[in-house]
Amino acid sequence: MINARALEAGDRFADYVIVRLIGAGGFGAVYEAEHPILGRRVALKITHPDLAEDPDCRARALQEAR
């Protein structure tokens with residue numbers, strides 16, 4: 001889970017390096033990130049920590065990912 005500060009270019013999140021913030025809203029933030037070994041770019045949607053614990057929000061996030 002992320003802390004209160006926003007991630008910035010060059011920060012690491014799991015196996016990814018943040019490239020840039022794409023957008024943010026009430027549910028969380030979406031970042032462009034790259035896997036440094038595979039060279040694959042992805043969009044990472046990271047929910048706000050307080051919402052990540054809510055079962056309904058977790059289900060919604062999983063549904064969006066699918």
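All figures in this text were calculated on a predicted structure; none of them were measured in a lab. Along the sequence shown, residues carry numbers from 1.
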(message) So which atom in Gly26 and which in His48 form the shortest heavy-atom distance, rounded to 0.1 Å?
(response) O-CD2, 3.1 Å

(request) Grab the two heavy atoms, one from Val30 and one from Lys45, that are nearest each other, plus how far apart they are. (result) CG2-CG, 3.9 Å

(message) Is the shortest side-chain heavy-atom distance between Leu62 and Glu64 below 4.5 Å?
(response) no

(request) Kindly give the heavy-atom pair with the smallest separation between Ala61 and Thr47, and that separation in Å. (result) CB-CG2, 4.4 Å

(request) State the CD1-CZ distance between Ile46 and Phe13, to the nearest 0.5 angstrom. (result) 4.0 Å

(request) Hey, could you give me the CZ/CD distance between Arg20 and Glu32, rounded to the nearest 0.5 Å? (result) 4.5 Å

(request) Could you tell me which non-hydrogen atom of Tyr31 sits nearest to which non-hydrogen atom of Leu7, and how far apart they are? (result) OH-N, 3.1 Å

(message) To check you understand the geometry: which heavy-atom pair defines the closest contact between Val19 and Glu34, and what is its length?
(response) CG2-N, 4.1 Å

(message) Could you report the tightest heavy-atom contact between Ala33 and Tyr16, atom names first, then the distance?
(response) CB-CB, 3.9 Å

(request) Could you check if a side-chain atom of Asp15 sits within less than 4.5 angstrom of a side-chain atom of Leu38, using non-hydrogen atoms only? (result) no

(message) Does Ile37 have more than 12 heavy atoms from other residues, nucleotides or ligands lying within 6.0 Å of its CD1?
(response) no

(message) Taking Ile22 as the starting point, is it possible to reach Phe27 by hopping between hydrophobic residues whose side chains are less than 4.5 Å apart?
(response) no

